[in-house]
Amino acid sequence: MRYWLMKSEPDEFSIDDLERAPGRTAAWFGVRNYQARNFMRDAMHLGDLAFFYHSGCAQPGIAGICRVARGAYPDATQFDAASLYFDPQATLERPRWLNVDVQLVRRTPWVSLVELRRHPELADMRLLARGNRLSITPVEPAQWDFITRRLMGLD
DNA sequence: GCCAACGTTGGC
DNA sequence: GCCAACGTTGGC
């Protein structure tokens, strides 16, 4: 099993939205970056755990934990001409973009970006790399344990 | 609103 | 294949 960090702008889709979704499960749609898509396609598996990270807001940071509830499948919004995420080059036969489904496991004590940066144990987190903009990044098991145990106080 | 950093596009 | 121009991300 692998660990991930998935960014979402709370104005677009927040942890509250996921909590309110049927079965606390929703499609992680709208990823339009090949590297992030390939992570979903090639490396994400059912049951993987991910931090739900709020970006592009006043208080960027981790707000909860979710689980991959369905492996990668075509993102419906690429076919929807009315969607912000419409891609005229995508076809049903040859979809370009994928998404997974995620289910909320739990809200967690909030861990800010500033807090994450304070800890040398997390210095190698992909999220914190200079210039990183990837919306889906891997998290090492040791980093996951440090954040969940030491910073969130979870078992 | 600013701007650094990155990804994509398209002319050549 | 190169690379300049442009668009986007996302923290501040």
Side-chain angles (χ1 to χ4, degrees), chain A residues 2-21 26-44 48-68 71-140 142-144 146-148 150-153:
Chain A
R2 298 196 195 204
Y3 298 104
W4 304 94
L5 182 142
M6 301 172 78
K7 293 182 194 171
S8 184
E9 299 188 20
D11 286 352
E12 290 291 318
F13 188 78
S14 70
I15 195 159
D16 296 323
D17 296 321
L18 183 57
E19 189 164 41
R20 284 191 293 260
W28 198 265
F29 63 92
V31 171
R32 293 295 181 269
N33 169 282
Y34 289 105
Q35 230 181 320
R37 181 202 67 180
N38 295 347
F39 277 141
M40 290 194 285
R41 185 189 63 192
D42 304 331
M44 265 193 174
D48 282 2
L49 294 176
F51 290 127
F52 191 124
Y53 178 93
H54 282 167
S55 67
C57 56
Q59 308 274 322
I62 299 170
I65 292 173
C66 52
R67 177 190 298 112
V68 176
Y73 63 100
D75 178 337
T77 61
Q78 72 193 302
F79 308 122
D80 176 3
S83 169
L84 273 176
Y85 301 106
F86 178 62
D87 183 342
Q89 311 230 50
T91 64
L92 287 169
E93 295 72 26
R94 299 198 62 178
R96 178 180 291 191
W97 304 110
L98 305 173
N99 58 215
V100 297
D101 285 355
V102 297
Q103 179 177 38
L104 183 65
V105 172
R106 59 165 297 165
R107 292 170 165 280
T108 61
W110 180 65
V111 179
S112 71
L113 176 61
V114 170
E115 176 72 15
L116 292 171
R117 287 199 188 283
R118 284 186 54 226
H119 299 280
E121 293 88 342
L122 303 177
D124 293 335
M125 274 189 87
R126 190 79 172 267
L127 171 76
L128 307 181
R130 175 186 174 83
N132 170 65
R133 298 187 320 186
L134 266 185
S135 63
I136 298 177
T137 50
V139 174
E140 297 305 316
Q143 298 164 348
W144 181 276
F146 184 84
I147 293 168
T148 54
R150 298 281 304 281
L151 303 187
M152 294 174 173

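Quick note on labels: first sequence line is chain A, next is B, and so on, each numbered from 1.
The stretch residues 79-91 of chain A does not touch DNA chain C, since none of its heavy atoms comes less than 4.0 Å from the strand.
Side-chain proximity of A/Ser55 to C/dC12, C/dG10, B/dC6: nearest is C/dG10. With distances taken from any side-chain atom of A/Lys7 to the nucleotides C/dG10, C/dG11, B/dC6, the minimum falls on C/dG10. In the set C/dC12, C/dG10, B/dT8, the nucleotide with an atom closest to the side chain of A/Tyr34 is B/dT8.
Look at CG on A/Leu134: it is 9 Å from P on C/dG10, rounded to the nearest Å. We find that CG of A/Asn33 is positioned 14 Å from C1' of C/dG7, with the value rounded to whole Å. Going from atom CD of A/Glu12 over to atom P of C/dG10 covers 12 Å, rounded to whole Å. Atom CD1 in A/Ile62 sits roughly 15 Å away from atom P in C/dG10 (whole-Å rounding). In this structure, the CG atom of A/Leu128 is 16 Å from the C1' atom of C/dC12, given to the nearest Å. Put simply, CD on A/Glu9 is 7 Å from P on C/dG10, counting in whole angstrom units. Remark: C1' of C/dC12 and CG of A/Leu113 are 11 Å apart, rounded to the nearest angstrom. When rounded to the nearest whole Å, the span between CG of A/Asp11 and C1' of C/dG10 equals 13 Å.
Residue-to-nucleotide contacts include no donor-acceptor pair under 3.5 Å from the side chain of A/Arg32 to the base of C/dT8.
Of the charged side-chain nitrogens involved, none lies within less than 4.0 Å of a carboxylate oxygen, so that A/Arg96 and A/Asp75 do not count as a salt-bridged pair.
The environment of A/Arg150 atom CZ is sparse: at most 12 non-hydrogen atoms of other residues, nucleotides or ligands sit within 6.0 angstrom. Heavy atoms from other residues, nucleotides or ligands lying under 6.0 Å from CZ of A/Arg67 number 12 at most.
In this structure, A/Trp4 has its ring center at least 6.0 angstrom away from the ring center of A/Phe52. Aromatic ring centroids of A/Trp144 and A/Phe51 lie under 6.0 Å apart.
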Practice task
Walk me through it: do A/Val31 and A/Trp97 pass the test side-chain contact (heavy atoms from CB on, under 4.5 Å)?
Solution key: CA-CA 7 Å; A/Val31 171; A/Trp97 304 110; 5.6 Å; no
Exercise for the section: Would you check, one step at a time, whether the test side-chain contact (heavy atoms from CB on, under 4.5 Å) holds for A/Glu140 with A/Asp124? Expected result: CA-CA 9 Å; A/Glu140 297 305 316; A/Asp124 293 335; over 6 Å; no
